[in-house]
Novice: 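Pasting a structure here, questions to come.
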2 protein chains.
Amino acid sequence: MKIVIVGGVAGGATAATRIRRMDESAEIIMLERGEHASYSNCSLPYYLSDVVEDSSKLLVMSEEKFLDQYNIDVRTLNEVIEIDRDQKRVMVKDLTSGETYEESYDKLIVSPGAKPIMPKSIGGIAMPHVFSLRNVTDIRKIEGYIDENDVKHVTIVGGGFIGLEVAENLVERGTQVALIEAQNLVMAPFDYDMVQILHKTLHDNGVDLKVNTALERVEKDRVKFSDGNSLHTDMVIMAIGVAPETELASQAGLEIGRTGGIKVDARYRTSDEEIYAIGDAIEVTHMLTGESTRLALAGPAQRQARTVADDIFGGEAFEALVTGTSVVRVFDYNAASTGLNEKMATAFGADYGTVHVIPPDKVGLMPDSHPMHFKLLFDKHSEKVLGAQAIGKGNADKRIDVIATLIKMKGTIKDLKNLELAYSPMHGTAKDVVNVAGLAAENILKGDLAQVPVSKVRELVESGAYIVDVREEKEYAAGHLNGAHNIPLSKLRERMDEIPEDVPVFLHCRTGQRSYNAFRLLSNKGVGNIKNISGGYLGISFFEYFNDLVEKRSPIADSYNFN
Amino acid sequence: MKIVIVGGVAGGATAATRIRRMDESAEIIMLERGEHASYSNCSLPYYLSDVVEDSSKLLVMSEEKFLDQYNIDVRTLNEVIEIDRDQKRVMVKDLTSGETYEESYDKLIVSPGAKPIMPKSIGGIAMPHVFSLRNVTDIRKIEGYIDENDVKHVTIVGGGFIGLEVAENLVERGTQVALIEAQNLVMAPFDYDMVQILHKTLHDNGVDLKVNTALERVEKDRVKFSDGNSLHTDMVIMAIGVAPETELASQAGLEIGRTGGIKVDARYRTSDEEIYAIGDAIEVTHMLTGESTRLALAGPAQRQARTVADDIFGGEAFEALVTGTSVVRVFDYNAASTGLNEKMATAFGADYGTVHVIPPDKVGLMPDSHPMHFKLLFDKHSEKVLGAQAIGKGNADKRIDVIATLIKMKGTIKDLKNLELAYSPMHGTAKDVVNVAGLAAENILKGDLAQVPVSKVRELVESGAYIVDVREEKEYAAGHLNGAHNIPLSKLRERMDEIPEDVPVFLHCRTGQRSYNAFRLLSNKGVGNIKNISGGYLGISFFEYFNDLVEKRSPIADSYNFN
């Protein structure tokens with residue numbers, strides 16, 4: 001059995017080693033166009049700061065190790081330029097010698113990845129101070145250019161994973177950074193309300209963040225935007241997204257899916273049964289929507305690789321449907337998400353509910369306890385969990401991993417609230433953040449709580465709605481929402497007559513815990529027209545941080561006070 | 001509706017506030033024997049170091065707050081001394097005045113907790129320098145005694161959660177600590193092989209750990225053990241376990257279960273329908289064994305409290321079966337577990353398999369990447385996950401939370417290996433630790449790997465078994481198992497003739513990854529009688545740390561090197 005693999009990073013390298021473990025006699029040839037196979041592409045940005053000091057450490061496995069440990073023939077700087085499906089062979093170009101040669105295969109695995117999008121419509125994009133980031137060669141070029149040209153200011157175009165990680169590492173390095181994003185928010189896996197925390201964090205760390213700003217033209221020392229504004233800069237890094245590498249597959253007549261990725265079946269076979277495709281170049285199926293999507297993530301690529309190896313050697317192989325779980329560090333915040341967000345749930349037509357809770361990530365009296373901002377989406381009918389977003393200084397990834405597991409197992413709100421998770425004061429709270437979200441969602445489903453999101457608060461204030469802030473007087477005095485009335489929860493029973501009966505009333509406290517108690521109190525007393533502001537004063541403060549809705553701009557307190 | 005609650009900590013306080021949210025008119029009286037209601041009992045040990053500086057911070061809710069925010073009548077230093085079930089009233093003793101009074105109830109919720117076990121058979125246990133730890137009053141007494149008597153050395157008896165946390169906080173404070181444990185290991189939720197990491201950590205941090213050592217007698221400045229040895233000490237803290245507080249329930253004729261806890265039904269009703277019982281005093285049902293057990297944990301107590309409140313007010317209430325998830329910090333290690341360990345699985349009669357993997361908790365080139373020691377138990381027939389233990393410097397709790405969720409959802413090895421978890425180099429690896437365990441377990445189930453545990457290595461060495469260390473020469477030179485032959489994986493193909501065919505061969509590398517590759521290589525070449533040593537050299541080094549099985553004692557390397 002002779003197996004040829006196109007592409008030597010996450011998917012390709014995993015497929016190669018797994019195949020070797022399954023069959024000692026197979027001939028395995030892995031062809032990689034770039035200088036290196038098997039590098040840690042997710043770690044590339046960390047070379048720009050001191051986190052990864054030596055770029056050679058980014059290389060996970062050398063060609064020698066592939067040969068010595070696995071008897072795998074890895075050829076870097078060897079580009080597959082054509083697939084001859086009839087003859088079952090590939091045409092390879094040795095990029096060092098310029099010569100071409102043929103290699104036959106019994107099975108071909110295509111794992112070419114995805115390339116940074118560099119729109120030709122942007123003027124000046126081919127200039128020498130414009131870079132993109134895909135591999136070790138790229139990051140060495142970027143590092144070299146910064147050093148050699150004494151770069152003081154970098155403009156990063158695109159606020160996704162790579163854009164944010166590059167921004168953070170450049171700031172750590174001492175470089176000034178502007179981050180340009182054409183949409184109204186960075187990090188599209190998050191909803192607009194949650195992502196405000198990241199916007200503020202970027203701002204607080206000195207990143208010149210410009211959302212709703214499209215790059216029109218790059219000049220020698222300047223970037224110009226479509227709104228007419230411009231910015232002086234020494235260097236541009238393009239990170240607006242990636243496009244699947246499908247040329248080779250297209251030319252060979254392999255089917256391309258609706259999303260632009262290579263189409264595969266449940267065993268990752270392309271339209272040619274002898275050719276598999278895996279990784280960032282293919283389209284996958286979303287578990288919750290059943291729709292085709294693309295996902296440029298290392299974990300799924302590795303799982304696909306194993307599935308392919310199993311399929312070739314007669315093991316049980318099946319597609320792992322994706323949920324799109326991910327995490328990013330943005331300075332001192334961790335931001336993780338899984339499943340559907342509101343945009344996706346709306347597009348899918350789900351009848352969903354949300355909760356937005358902000359419990360402490362550890363027991364409040366532990367010194368490094370911080371609020372965890374947690375948003376949960378659930379199906380109102382099946383009560384199944386659909387997605388979650390967590391942002392905080394503590395373990396956002398831990399909470400999202402639990403939700404990702406629950407979604408995979410088709411868990412409901414009832415399952416979530418009853419999860420028995422590891423607790424000690426150093427690690428969490430007796431009711432973990434995710435349990436709290438489950439309990440809050442149960443309250444919504446039972447009708448024990450009605451709410452409006454923080455995104456509606458401006459409208460409420462401007463329309464003169466009756467808003468009650470149930471925090472204590474001193475908290476209110478330190479900063480509050482314009483026009484909010486202060487009736488502390490502790491005095492609500494004696495001051496109930498101040499609650500109007502003829503207009504809708506909106507309640508909030510700091511995180512939502514006390515206002516939930518206030519809601520229940522008023523509701524049990526027969527007050528009908530009340531709603532909680534989900535996300536509380538903390539959520540409002542983040543959402544309206546760059547605006548003027550909050551009177552007396554107080555710092556957004558980080559420490560958790562038990563209500 | 002008048003509701004009386006006996007006990008004002010986790011279970012009682014949660015029940016009280018939940019009831020208030022469900023019914024504004026209910027009369028709620030919470031009677032607590034101790035000085036304080038609603039304190040963070042899990043945080044008590046941290047008052048002995050600087051982590052919690054002010055003991056008043058341990059108090060979560062004051063009586064005033066209960067009244068102001070919830071209209072709940074909390075009476076501390078009020079002990080319920082009798083339940084009159086016929087008349088539906090309790091007799092209460094005001095411990096301040098010494099007077100008794102009656103309080104009627106419609107529903108009674110008993111949440112008295114569990115008390116430290118202080119065996120009268122131990123001589124001198126009533127001496128004034130012998131303490132136990134249950135509440136804020138206790139920790140203040142301990143702190144006061146240490147200060148006033150200039151205590152230099154403390155003997156802690158019992159290596160469970162409280163014993164370990166007290167030991168750590170005393171060491172942080174600068175106190176010398178001896179930790180005495182009658183069993184052969186601390187932290188019974190862990191198996192003997194895994195717990196060696198904690199034994200070494202305690203030892204490395206200066207704790208004088210004595211396992212297999214039973215306390216016989218306390219003297220003025222000395223503790224004596226049943227083996228005849230003794231130890232000079234200034235103070236003794238008893239932490240050998242807790243016993244459910246069942247006297248009140250017993251006297252009232254409520255049924256007590258086989259395990260010694262108060263017996264309840266699926267809605268936490270005792271044998272009297274008007275009386276509920278929750279928290280550490282009851283017995284609960286284990287999800288995996290279906291057997292009654294006891295669990296002194298805050299999370300389950302809070303869930304039980306909510307269930308009771310729901311049941312009283314007509315909501316849907318049902319028992320949450322327990323899996324026993326927990327976590328403890330032991331100096332720089334985090335140790336978490338869930339579900340069944342080997343002792344429990346054996347007692348239950350499960351036909352289970354195990355894997356012991358040691359992947360890095362983050363991408364290896366990130367500066368704070370550490371090995372995560374991870375042991376998984378699974379049912380060999382249903383392939384369901386039964387339990388897991390994780391110990392490492394990184395997020396052990398995160399990995400165990402995922403497994404706890406999977407167990408709750410009745411997940412299998414296949415589900416585990418396919419979980420799509422949050423990955424960035426700062427947060428994990430593309431295949432997370434738990435995925436790796438799932439893949440390893442699949443290999444075992446498929447017969448792609450056979451193994452022996454580290455606990456068998458001594459027997460192998462002493463019987464002269466043929467052991468092959470497949471690490472590189474320089475790793476072998478830095479320290480290896482007595483008598484192990486070194487054939488690096490990278491040279492195994494050319495040196496295959498050195499592998500004997502007539503005797504069993506045992507393979508190991510550092511963590512198990514390279515030896516798995518070696519196993520597959522030999523197996524695919526037709527070598528039949530081979531087994532992997534699960535846990536690898538790292539596992540062997542921990543297991544035999546206090547012994548002489550490892551030649552040239554090398555430090556147990558912490559950094560992860562990709563194989």
Side-chain angles (χ1 to χ4, degrees), chain A residues 10 21 23-24 40 42-43 46 51-52 57-58 60 68-69 71 298-300 302-303 320 322-323 325-329 334 336 363 365-367 395 397-398 400-402 404-406 408-409 411 415 418-428 430-431 489-490 493 517 520-521 524-525 562, chain B residues 10 21 23-24 40 42-43 46 51-52 57-58 60 68-69 71 298-300 302-303 320 322-323 325-329 334 336 363 365-367 395 397-398 400-402 404-406 408-409 411 415 418-428 430-431 489-490 493 517 520-521 524-525 562:
Chain A
R21 279 191 289 267
D23 190 301
E24 180 60 21
S40 177
C42 303
S43 303
Y46 296 93
V51 172
V52 176
K57 287 195 178 170
L58 293 164
V60 178
D68 288 347
Q69 294 196 3
N71 191 24
Q302 291 191 4
R303 269 190 295 283
V322 303
T323 48
T325 311
S326 65
V327 61
V328 65
R329 194 186 72 167
N334 300 298
V363 165
L365 49 77
M366 292 293 121
N395 291 343
D397 51 326
K398 161 166 126 165
I400 290 302
D401 278 359
V402 168
T405 304
L406 202 61
K408 206 75 157 188
M409 300 303 296
D415 295 317
N418 281 322
L419 286 181
E420 186 187 335
L421 303 173
Y423 161 57
S424 95
M426 283 288 176
H427 299 88
K431 271 198 295 275
L489 172 61
S490 57
R493 285 179 182 83
N517 279 295
R520 295 302 312 151
L521 195 171
N524 286 327
K525 288 278 195 189
F562 192 91
Chain B
R21 278 192 290 267
D23 191 301
E24 179 59 21
S40 177
C42 303
S43 303
Y46 298 92
V51 174
V52 176
K57 286 194 178 171
L58 294 164
V60 178
D68 289 347
Q69 294 195 3
N71 192 24
Q302 290 191 7
R303 269 191 296 284
V322 302
T323 49
T325 312
S326 65
V327 60
V328 66
R329 195 186 71 168
N334 299 298
V363 166
L365 50 77
M366 293 293 122
N395 291 343
D397 51 326
K398 164 167 123 165
I400 290 303
D401 278 359
V402 168
T405 304
L406 203 60
K408 205 75 157 187
M409 299 304 296
D415 296 317
N418 281 322
L419 286 181
E420 186 187 335
L421 303 173
Y423 159 58
S424 95
M426 284 287 176
H427 299 89
K431 272 197 293 277
L489 171 61
S490 57
R493 285 181 182 83
N517 280 294
R520 295 301 312 150
L521 196 172
N524 285 328
K525 289 278 193 191
F562 191 90

Novice: Would you call B:Asp397 and A:Lys398 a salt bridge, using N to O less than 4.0 angstrom?
Specialist: yes
Novice: Between A:Ala10, A:Pro425, A:Gly299, A:Gly428, which residue shows the highest count of heavy-atom pairs closer than 4.5 Å to chain B?
Specialist: A:Pro425
Novice: So B:Met409 and A:Thr405, do their side chains get closer than 4.5 Å, heavy atoms only?
Specialist: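 Contact flag for A:Thr405/B:Met409 side chains = no.
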Novice: Pick from B:Val51, B:Asn517, B:Asp415: which one has the most heavy-atom pairs with chain A under 4.5 Å?
Specialist: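 Heavy-atom pair counts peak at B:Asn517.
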Novice: Under a 4.5 Å heavy-atom cut-off, does chain B meet the side chain of A:Ser40, its backbone, both or neither?
Specialist: side chain
Novice: Which atoms of A:Tyr46 come close to chain B, meaning under 4.5 Å heavy atom to heavy atom: side chain ones, backbone ones, both, or neither?
Specialist: side chain
Novice: Any side-chain heavy atom of B:Arg493 sitting closer than 4.5 Å to one from A:Asp68?
Specialist: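 Result no, sub-4.5 Å side-chain heavy-atom pair not found.
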Novice: Ignoring hydrogens and angles, state whether a donor on the side chain of A:Ser490 or B:Gln69 is under 3.5 Å from an acceptor on the partner side chain.
Specialist: no
Novice: Under 4.5 Å from any heavy atom of chain B, what part of A:Asn71 do you find: side chain, backbone, both or neither?
Specialist: both
Novice: Can you tell me which of B:Pro367, B:Ser43, B:Ser326 forms the most heavy-atom pairs within a distance under 4.5 Å of chain A?
Specialist: B:Ser43
Novice: Would you indicate whether the side-chain heavy atoms of B:Val52 and A:Met366 approach each other to under 4.5 Å?
Specialist: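 Side-chain contact under 4.5 Å: yes.
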Novice: Just wondering, do A:Val327 and B:Ser424 contact through their side chains at under 4.5 Å, heavy atoms?
Specialist: yes
Novice: Are the charged groups of B:Glu24 and A:Arg520 less than 4.0 angstrom apart, N to O?
Specialist: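 Here B:Glu24 does not pair with A:Arg520 in a salt bridge, since their nearest N and O are not under 4.0 Å apart.
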Novice: Which region of A:Val328, side chain (C-beta onward) or backbone (N, CA, C, O), has a non-hydrogen atom less than 4.5 Å from a non-hydrogen atom of chain B, or is it both or neither?
Specialist: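 Looking at A:Val328, just its backbone touches chain B.
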Novice: Between B:Lys408 and chain A, with a heavy-atom cut-off of 4.5 Å, which part of the residue counts as in contact: side chain, backbone, both or neither?
Specialist: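 Only the side chain of B:Lys408 comes within 4.5 Å of chain A.
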Novice: Does A:Val363 reach the side chain of B:Cys42, with side-chain heavy atoms less than 4.5 Å apart?
Specialist: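 A:Val363 vs B:Cys42: side chains apart.
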Novice: Applying side chain to side chain donor-acceptor pair (under 3.5 Å), run through A:Arg303 and B:Asn418 and close with a yes or a no.
Specialist: CA-CA 7 Å; A:Arg303 269 190 295 283; B:Asn418 281 322; 4.5 Å; no
Novice: Would you find a donor on one side and an acceptor on the other, under 3.5 Å apart, between the side chain of A:Asp401 and the backbone of B:Ala422?
Specialist: yes
Novice: What distance separates B:Arg21 CZ from A:Asn524 CG, expressed to the nearest 0.5 Å?
Specialist: 11.0 Å
Novice: Given a strict heavy-atom distance threshold of 4.5 Å, which part of A:Glu420 is in contact with chain B: side chain, backbone, both, or neither?
Specialist: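 A:Glu420 touches chain B through backbone and side-chain heavy atoms alike.
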Novice: The test is side-chain contact (heavy atoms from CB on, under 4.5 Å); show your working for A:Leu421 and B:Ile400 and say whether it passes.
Specialist: CA-CA 8 Å; A:Leu421 303 173; B:Ile400 290 303; over 6 Å; no
